2 protein chains.
Amino acid sequence: MSYQIGKVADLAGVTVRTLYHYDEIGLLSPSERTSTGYRRYDEADLERLQQIRYYRELGFSLEEIAEILDEPGADAAAHLRRQHELLSERKARLEKMINAVEFAMEAQKVGIKLTPQERFEVFGDFDPDQYDAEAQERWGGTDAYKESARRTSQYTKEDWQKMKAENEEWGRRIVAIMDAGLASDSPEAMELAEEHRQSISRWFYECSYEIQTGLAEMYLADERFMATYEAIKPGLTVFLHDAIMANAVARS
Amino acid sequence: MSYQIGKVADLAGVTVRTLYHYDEIGLLSPSERTSTGYRRYDEADLERLQQIRYYRELGFSLEEIAEILDEPGADAAAHLRRQHELLSERKARLEKMINAVEFAMEAQKVGIKLTPQERFEVFGDFDPDQYDAEAQERWGGTDAYKESARRTSQYTKEDWQKMKAENEEWGRRIVAIMDAGLASDSPEAMELAEEHRQSISRWFYECSYEIQTGLAEMYLADERFMATYEAIKPGLTVFLHDAIMANAVARS
DNA sequence: GCTTGACTCTGACGTAACGGGAGACTGGAG
DNA sequence: CTCCAGTCTCCCGTTACGTCAGAGTCAAGC
């Protein structure tokens, strides 16, 4: 069983021109020709094309691919293993980039400027080991921001003003609680943590306790998020963080 | 605060030539020049470069990026949302490719040939909705195949022969159990399911009950995997599948 | 004030991986 | 026998830079 060039192109999702090119440079020369010069690709050719496509997807140049595939002692299984590893690395890199975008969105929402390093560190050389895939999960997958985008795009100026007013009111109340000397795990503080969560749920996206605790950690970990809360009242960031944690534990 | 071209190049992980190029085609022209003609990039330029890098990573051409970025009414937040969505799609696609590679590895291990469609379907147009991210989890993340690769690379010819002998012995025993008319959830059948799991753990990778049940489903879902077991004895695939399920339930 | 080495400037040509024709031949359906 | 889609080889075009070349710039050190 063998296929002619157009069929192969369709199957593999490439153009015939690409296959001509691969033949020209000797990367993939069909193992047979008909008497009239038509190219015929067999199973082995398809397998090679499959490997080529994976390595291309991974960003290798055709020259590099030719070297890799013609390496003696590297069989199909070895290539699959290698591709699996490289794809996994790419995935980790992508997750890192998604997190970076989420971070940038959150920063922008609060009106914080990114440092030049932060803008680009995700594009730098990547060490897969240092990356914690779980961080990704904190956001509850990928829907939160989609939902947020869908909702906020509809908001009018009055909506934003109303939101701002609500937030300020909330700020006054939590400051009052702190001033009253109440603990961060007092019912009053926890109630305000709960309101913080519900406010996000109402205005932006369904905010689970898990997501909220993720936010609380981020407020603490990043001095600029911290600054926005500290500006309202010194100590508020830690207080809010603890209240969120206490509330999350109590409610679940 | 503004930066000169080399600093920007370092920060963003591109070459100065790339920045010259972006300037030439009007994609990113620094907002200022010194009196001696040196380019000076400010914060806004960096933000634009950040967007450019994300869109490039996503495979857009420079011309497309110019259009997107100069679209009126698209602010930074809109770009971040768009990038987030596109990155998520890419991630789903990558996961699909990883699964396809794993499938190919499993197929190869058992000596099954892939159909041309299977070789390339993962490269086709991708509908993100149809993809089930959980399938990915069945393999217990990404370590199983790494481990398998690490171990099998050390194996000698005798190891492989020993493994083969073990497998054949296991095959004879499970056939005997079927012939004896025992049920798939009989202790004897479950014991052999357990041996199946331990054999994989010993020879390839730490095989959890979760992974094993994933394998059992794959044996049933794919007629060619099925064929390898049916060749030993008709009905074996279903029998083994049920035994694995019963054993997994019983042990956890 | 002068040198020096790292950095920057503007051309201009080179390259990888195809895209998109032109013009001629092939091959199966009617 | 005729068509029309598919295939062949040749060849020039394009994108996103890489790679010099030759000249000017800048901060540091003597």
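Residue numbering restarts at 1 for every chain, and letters A, B, ... go by the order of the sequence lines. All values reported here derive from a predicted model rather than from experimental measurement.
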Sub-4.0 Å heavy-atom contacts from residues 31-47 of chain A onto DNA chain D, ordered by number: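 The answer is A:R33, A:G37, A:Y38, A:R39.
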
Test side-chain contact (heavy atoms from CB on, under 4.5 Å) applied to A:S88 and A:H84, A:R90, A:E85, the passing residue: A:H84

Among A:I65, A:I52, A:T18, side-chain contact (heavy atoms from CB on, under 4.5 Å) partner for A:L28: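 Filter result, single survivor: A:I52.
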
Distance-minimising heavy-atom pair for B:S2 and B:R40: O-NH2, 3.2 Å

Shortest non-hydrogen contact between B:L46 and A:F120, atoms and distance: O-CZ, 3.4 Å

Greater than 12 external heavy atoms within 6.0 Å of B:E63's CD: no

Crowding at CD, A:E32 (>12 non-hydrogen neighbours, <6.0 Å): no

Candidate pair B:E57 and A:R93, rule side-chain contact (heavy atoms from CB on, under 4.5 Å), full reasoning: CA-CA 11 Å; B:E57 177 79 23; A:R93 215 192 107 159; 2.7 Å; yes

The single option from A:E64, A:H79, A:Q50 passing side chain to side chain donor-acceptor pair (under 3.5 Å) against A:Y55: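 Option passing the side chain to side chain donor-acceptor pair (under 3.5 Å) with A:Y55: A:H79.
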
Which residue lies more 5' along DNA chain C, comparing B:D23 with A:L62 via nearest heavy atoms: B:D23

Interatomic distance where CD belongs to A:E63 and C1' belongs to C:dA17 [whole Å]: 12 Å

Interatomic distance where CD1 belongs to A:I65 and C1' belongs to C:dA17 [whole Å]: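 One finds 11 Å between C1' of C:dA17 and CD1 of A:I65, rounded.
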
Non-hydrogen side-chain atoms of A:L62 and A:R56 separated by less than 4.5 Å: yes

Sidechain-backbone polar pair: B:R81 side chain, A:M105 backbone, donor-acceptor under 3.5 Å: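 Judged by distance alone, no pair lies under 3.5 Å.
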
Outermost DNA chain D nucleotides near chain B [under 4.0 Å, heavy atoms]: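 Terminal contacting nucleotides, 5' to 3': D:dA16 to D:dC26.
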
Neighbours of DNA chain C within residues 3-21 of chain A, by heavy-atom distance under 4.0 Å: A:T15, A:R17, A:T18, A:H21

